[in-house]
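For reference, the structure discussed in these notes is given below.
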Amino acid sequence: MDIPVREFDLELTQESGQTSQPPWKRVDGAFRELLIIGGVPCPVEVRAGDEVLRVNPYSDVPRKPLKKKIEYIFDLKFEIEDLYSFLEDKGLSDTIQSSRGLRLFLAKDPFECIISSIASANCSIKRWTRAVDDIKRGWGDCHLFRGERFYTFPSPATLAGVEEESLEDLQRREDKLPDDFRFTDLRSCGVGYRAPYIRETSRILSEELDISKIHRMDYQDAREVLLELPGVGPKVADCILLYGFRKTEAFPVDVWVRRIMNHLYPDRNFSAREIAEFAAREYGEMAGYVQLYLFNHARRSGLLEKLRG
DNA sequence: ACCCAGGAGTTTG
DNA sequence: CAAACTCATGGG
């Protein structure tokens with residue numbers, strides 16, 4: 001199946017390090033992941049073509065919901081030219097050069113995005129992506145496709161029932177582990193002190209708070225609800241809102257965005273909170289994309305290295 | 001050995 | 001309210 005696309009760089013979007021999920025499995029220039037289409041697990045391969053995105057499902061699923069899912073995940077319906085002209089109006093046209101075709105990489109599963117974002121706090125990108133993979137391998141459902149293993153992300157109820165740590169696994173971590181080894185506790189996945197946060201958040205999402213309700217809330221209400229979850233602070237909440245629920249008003253402020261903004265406005269010396277307020281006022285519903293483009297441009301132009309320390 | 005990682009929670013000023 | 005301190009743990 002081909003989906004016509006304009007202004008979409010699949011590779012850039014995959015590798016841009018958005019916290020919704022680890023990048024998909026790269027195979028020969030294409031990207032593979034297990035998606036749930038109408039309740040049915042389906043390995044899918046996407047490949048960039050000429051003005052099209054080639055989509056190959058590897059099990060029998062209906063076309064229309066598959067197409068909608070792909071369009072949602074890569075935000076293909078978004079009129080990105082509107083963003084380009086918006087950025088020009090705001091004096092940020094530099095960011096377009098290095099990020100053209102970059103779109104939101106939205107979560108295929110909002111719960112995965114929530115846990116993934118909690119795991120990302122004060123943690124290197126390498127480490128939290130590996131942690132999410134370990135969690136999937138430990139408690140997700142495995143689907144074999146031509147010898148490749150794909151895992152679903154476990155449900156809130158499943159993760160809520162997982163031990164935080166067991167002596168057994170802490171010892172086995174020292175040994176060389178086979179690819180399909182399944183840990184029996186969260187700590188062994190490398191989430192460290194965040195293990196109780198992940199467990200309690202999973203419990204709340206399985207017993208008290210229906211994730212689908214968050215979709216219907218506006219940005220502010222959803223943010224307040226998310227901030228009640230353990231392990232979710234202002235930055236993580238905005239990541240979840242942006243990548244998990246496509247609330248594009250969200251402008252996640254991490255240390256890098258703060259450095260970038262203070263570099264852009266040297267006379268201001270923003271605090272994290274002030275940046276969020278500034279972004280809400282200046283960027284409105286474009287805020288999430290502005291953050292994405294700012295960060296990517298800083299990374300590609302070498303500005304990030306300059307701002308280190 | 002030492003320091004940091006795309007912060008959050010808790011305690012203190 | 002804001003600043004300071006602590007929190008696991010893999011990787012430079």
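Below, chain A is the first sequence line, B the second, and so on; all start at residue 1. Values below: every heavy atom of this structure, side chains too, minus hydrogens, waters and symmetry copies.
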Original post:
At under 4.0 Å between heavy atoms, what does A:R187 touch on the DNA or RNA strands: base, sugar-phosphate, or nothing?
Top reply: sugar-phosphate
Original post:
Counting any heavy atom closer than 4.0 Å, what does A:P252 reach on the DNA or RNA strands: base, sugar-phosphate only, or nothing?
Top reply: nothing
**OP:** Count the heavy atoms belonging to other residues, nucleotides or ligands that lie under 6.0 Å from CG of A:L167, then report whether that count exceeds 12.
**Re:** no
**OP:** In whole angstrom, give the distance that lies between atom CD of A:E200 and atom P of B:dA8.
**Re:** 18 Å
Subject >> Integer-rounded Å distance: B:dA5 C1' and A:W256 CH2 >> reply: 9 Å
Original post:
Got a donor-acceptor pair under 3.5 Å from the side chain of A:Y193 to the base of B:dG9?
Top reply: no
**OP:** Find out whether the Lys NZ or Arg CZ of A:K90 is both under 6.0 angstrom from the six-membered ring centre of A:Y283 and within 45° of the ring's axis.
**Re:** no
**OP:** Quick one: label A:Y197 by what it contacts on the DNA or RNA (base, sugar-phosphate, nothing), any heavy atom closer than 4.0 Å.
**Re:** sugar-phosphate
Original post:
Rounding to a whole Å, what distance do you find between A:E305:CD and B:dA5:C1'?
Top reply: 14 Å
Subject >> Partner set under salt bridge (Lys or Arg N to Asp or Glu O under 4.0 Å) for A:R203, not counting sequence neighbours >> reply: A:E200, A:E207, A:E208
Original post:
Quick check: are there more than 12 heavy atoms from other residues, nucleotides or ligands sitting under 6.0 Å from NZ of A:K25?
Top reply: yes
**OP:** Answer with base, sugar-phosphate or nothing: what part of the nucleic acid does A:V253 contact at a heavy-atom distance below 4.0 Å?
**Re:** nothing
Original post:
Any salt bridge between A:R281 and A:E277, counting N to O under 4.0 Å?
Top reply: no
**OP:** Look at all strands and tell whether A:S16 reaches a base, only sugar-phosphate, or nothing, counting heavy atoms closer than 4.0 Å.
**Re:** base
Subject >> A:N122 CG - B:dA5 P separation (whole Å) >> reply: 8 Å
Original post:
Expressed in angstrom and rounded to an integer, what is the separation of A:I118 atom CD1 from B:dG6 atom P?
Top reply: 18 Å
**OP:** Identify whether the distance between the nearest side-chain nitrogen and carboxylate oxygen of A:E51 and A:R6 falls below 4.0 Å.
**Re:** no
**OP:** Could you give the distance separating C:dC5 and B:dC3 at their P atoms, to the nearest angstrom?
**Re:** 15 Å
Original post:
Which part of the nucleic acid, if any, lies within contact of A:V257, taking any heavy atom under 4.0 Å across all strands shown: a base, the sugar-phosphate backbone alone, or nothing?
Top reply: nothing
Original post:
Counting any heavy atom closer than 4.0 Å, what does A:Q291 reach on the DNA or RNA strands: base, sugar-phosphate only, or nothing?
Top reply: base
Original post:
What do you reckon, is CD of A:Q97 surrounded by more than 12 foreign heavy atoms closer than 6.0 Å?
Top reply: no
**OP:** Calculate the interatomic distance between A:K126 atom NZ and B:dC4 atom P; express it in whole Å.
**Re:** 19 Å
**OP:** Round to a whole Å and report the spacing from CD1 of A:I114 to C1' of B:dA8.
**Re:** 16 Å
Original post:
chain A on DNA chain C: first and last contacting nucleotide, 5' to 3', under 4.0 Å to a heavy atom?
Top reply: C:dC7 to C:dG12
**OP:** Determine the Euclidean distance between corresponding C1' atoms of C:dG11 and B:dA1; express it in Å to zero decimal places.
**Re:** 14 Å
Subject >> C1'-based separation of B:dG9 from C:dG10 [nearest Å] >> reply: 23 Å
**OP:** Measure from CD1 on A:I260 to C1' on B:dG6 and round the result to the nearest Å.
**Re:** 10 Å
**OP:** Could you pick out which residue, A:G231 or A:C239, lies toward the 5' side of DNA chain B when each is mapped onto its nearest nucleotide?
**Re:** A:C239
Original post:
Can you tell me how far P in C:dT6 sits from the matching atom in B:dG6, rounded to whole Å?
Top reply: 22 Å
Original post:
With no hydrogens and no angle check, do the side chains of A:E168 and A:S166 hold a donor and an acceptor under 3.5 Å apart?
Top reply: no
